[in-house]
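Structure first, then comments.
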Amino acid sequence: MNKLKFCLGISKPLDILNNDIRKLVNFAIKKNFTLHTSITYQVNNFFIKYFLKKKYRNKINFICKILADSNKNLKKSIELSIEKYSIKKIFIIQLVNLPLKFPYERNIESLLEDELNIIFQTIRDLKDQNIIRKVYIQIYSRDNLDFCKKILKYADGFAFYANINEIHLKREVYDYIVEKNVPSIVLSVFGNPKRNQSLDDDLHLKSYYFSQTFFSKNTIAVGRTWNKNRLEQIYSFNQKMITENFNFNPKFIETAETQDNPSNFYKRFKVTNAYY
């Protein structure tokens with residue numbers, strides 16, 4: 001398996017007093033798994049900064065959520081991410097918003113192109129300085145195809161929510177991603193299984209297989225698990241491990257989710273400090 005094809009999500013606080021969690025994190029770092037995180041995720045930046053040695057921290061390829069509604073917030077959220085995780089660079093920045101005239105209207109007419117050009121000049125400069133390597137724009141279920149085509153010109157790929165049951169995109173946007181082989185980050189690939197569904201021992205493998213066969217050839221699946229055995233199985237994944245032949249038929253759904261805004265982003269960030 002290409003280890004960059006699966007990314008361990010750490011959106012929940014790491015229980016570093018739990019020996020199993022420590023083993024899982026150590027395995028992920030040792031095997032060079034990508035880690036998906038954000039300064040808005042409670043406590044984890046504190047744990048990584050103070051409980052991991054520098055040589056381990058700087059070895060990790062991080063995917064970090066970053067603001068992009070303005071050049072000022074882009075710089076600030078990148079600087080805070082580097083500072084709070086005490087790292088030198090970010091593998092991928094996942095832009096959770098864009099500069100818009102009307103915050104809840106994501107379309108070409110609402111896009112502030114002058115500010116967007118300034119933002120991506122900053123991103124190019126940061127790439128040249130080896131502070132970031134790639135930039136993916138998060139797209140949402142209500143984004144139309146013309147808007148997605150427009151913003152893709154600025155980015156290395158897209159990030160969006162999907163699992164074996166549902167894809168949070170318009171069908172035409174999904175078709176375009178597959179047709180053009182757009183590099184993608186599939187967020188929450190395991191979905192939100194109910195307690196009885198968690199007994200499905202193959203859910204993690206089915207989900208990973210889904211991510212690698214249903215989207216572009218260059219797709220990173222992001223999933224959260226505290227089970228080291230599951231991470232080990234994904235690491236050594238072979239299609240033969242899947243005991244059934246799957247014909248996935250997920251629904252394309254539209255949700256009320258909109259792009260993040262600086263007020264909510266920084267509000268969540270304030271409760272990620274050591275005191276909390």
Side-chain angles (χ1 to χ4, degrees), residues 2-68 73-96 126-127 129-136 138 159 185-190 204 220-232 234-235 260 262 264-276:
N2 182 338
K3 293 173 284 297
L4 296 181
K5 295 289 188 177
F6 182 80
C7 176
L8 179 64
I10 52 172
S11 58
K12 296 293 184 181
L14 295 169
D15 180 4
I16 60 168
L17 299 179
N18 185 320
N19 191 47
D20 290 337
I21 298 298
R22 292 202 303 274
K23 287 180 178 179
L24 178 140
V25 173
N26 286 334
F27 177 81
I29 294 173
K30 180 180 178 181
K31 298 301 184 181
N32 297 319
F33 276 94
T34 308
L35 296 186
H36 183 277
T37 191
S38 171
I39 54 173
T40 62
Y41 293 163
Q42 299 164 359
V43 179
N44 288 340
N45 54 6
F46 177 78
F47 291 155
I48 289 173
K49 181 174 182 177
Y50 293 105
F51 287 85
L52 282 182
K53 294 180 179 179
K54 184 187 296 186
K55 66 177 181 179
Y56 296 124
R57 286 199 308 274
N58 290 322
K59 182 182 178 183
I60 300 171
N61 285 316
F62 283 101
I63 298 176
C64 295
K65 289 184 176 182
I66 298 295
L67 291 170
N73 278 326
L74 174 87
K75 290 180 176 179
K76 181 178 179 180
S77 52
I78 289 176
E79 289 169 359
L80 283 173
S81 298
I82 289 173
E83 173 193 345
K84 295 302 179 181
Y85 283 95
S86 189
I87 53 179
K88 295 180 179 179
K89 58 186 178 181
I90 303 172
F91 175 51
I92 295 175
I93 57 171
Q94 173 191 325
L95 304 185
V96 296
L126 292 171
K127 284 184 174 183
Q129 297 167 35
N130 199 32
I131 293 174
I132 63 172
R133 191 181 304 177
K134 295 182 180 181
V135 54
Y136 282 55
Q138 184 168 346
I185 296 174
V186 177
L187 304 167
S188 296
V189 71
F190 300 147
H204 57 299
I220 302 172
V222 178
R224 190 179 70 234
T225 180
W226 296 142
N227 189 321
K228 179 171 172 281
N229 289 334
R230 290 176 180 168
L231 198 61
E232 289 174 335
I234 291 173
Y235 177 79
D260 208 347
N264 287 334
F265 189 89
Y266 292 128
K267 182 178 180 180
R268 296 196 305 275
F269 167 65
K270 288 179 181 179
V271 297
T272 64
N273 57 51
Y275 178 78
Y276 179 89

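Just so it is clear, the values below take in all heavy atoms, side chains as well, and ignore hydrogens, waters and symmetry mates. Residue indices begin at 1 and follow the sequence shown.
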Please say whether more than 12 non-hydrogen atoms of neighbouring residues, nucleotides or ligands are located less than 6.0 Å from NZ in K75. no
Please examine the side chains of I220 and I92, heavy atoms only from C-beta on, and report whether any two atoms are closer than 4.5 Å. yes
Side-chain touch L8/L24, heavy atoms, less than 4.5 angstrom: yes
Non-hydrogen atoms of R224 and G9 that approach each other most closely: CG-O, 3.3 Å
Can you establish whether the number of heavy atoms outside K59 located under 6.0 Å from its atom NZ is more than 12? yes
Indicate the atoms forming the closest heavy-atom contact of S11 with N44, along with that distance. C-ND2, 4.5 Å
Report the C-alpha distance between Y235 and F6 in whole Å, list the side-chain angles of each, state the deciding distance to 0.1 Å, and finish with yes or no for side-chain contact (heavy atoms from CB on, under 4.5 Å). CA-CA 8 Å; Y235 177 79; F6 182 80; over 6 Å; no
Interatomic distance, Y266 atom OH to S77 atom OG [nearest 0.5 angstrom]: 5.0 Å
May I ask you to test the L231-W226 pair for a side-chain heavy-atom distance under 4.5 Å? no
Side chains of I185 and K134: closer than 4.5 Å at any heavy-atom pair? no
Measuring from atom CD1 of I82 to atom NZ of K88, what distance do you get when rounded to the nearest 0.5 angstrom? 12.0 Å
Kindly indicate, with the supporting measurements, whether the criterion side-chain contact (heavy atoms from CB on, under 4.5 Å) is fulfilled by I87 and N58. CA-CA 6 Å; I87 53 179; N58 290 322; 4.1 Å; yes
Measure the CG-NZ distance between N18 and K23 for me, rounded to the nearest 0.5 Å. 10.0 Å
If you look at every heavy atom in L80 and I39, which pair is closest and at what distance? CB-CD1, 3.8 Å
Stepwise side-chain contact (heavy atoms from CB on, under 4.5 Å) check, V222 with V189: CA-CA 6 Å; V222 178; V189 71; 6.0 Å; no
Can you tell me how far the NE2 atom of H36 sits from the NZ atom of K65, to the nearest 0.5 Å? 6.0 Å
What's the shortest heavy-atom distance between I234 and F190, and which atoms? CD1-CZ, 4.0 Å
Does I66 reach the side chain of L74, with side-chain heavy atoms less than 4.5 Å apart? yes
If we only count heavy atoms from C-beta on, is the L126 to V135 side-chain gap below 4.5 Å? no
Here the gap from F47 atom CZ to I21 atom CD1, rounded to the nearest 0.5 Å, amounts to 11.0 Å
K76 NZ/CZ over F265 ring centroid, <6.0 Å and within 45° of normal: no
S38 backbone acceptor or donor facing Y85 side chain under 3.5 Å: yes
Less than 4.5 Å apart, side chain to side chain, heavy atoms only: is that true for L187 and Q138? yes
Check whether any side-chain N or O of R230 sits under 3.5 Å from a backbone N or O of T225 as a donor-acceptor pair, and report yes or no. no
Any side-chain heavy atom of R57 sitting closer than 4.5 Å to one from K54? yes
Full working for side-chain contact (heavy atoms from CB on, under 4.5 Å) between F62 and T37: CA-CA 7 Å; F62 283 101; T37 191; 3.7 Å; yes
Looking only at heavy atoms, the pair that brings L67 and P262 closest together is CD1-CA, 4.0 Å
Hey, mind stepping through K228 and E232 against salt bridge (charged side-chain N to carboxylate O under 4.0 Å, His left out) and telling me if it holds? CA-CA 6 Å; K228 179 171 172 281; E232 289 174 335; 2.5 Å; yes
Working to the nearest 0.5 angstrom, can you tell me the gap between T40 OG1 and K84 NZ? 13.5 Å
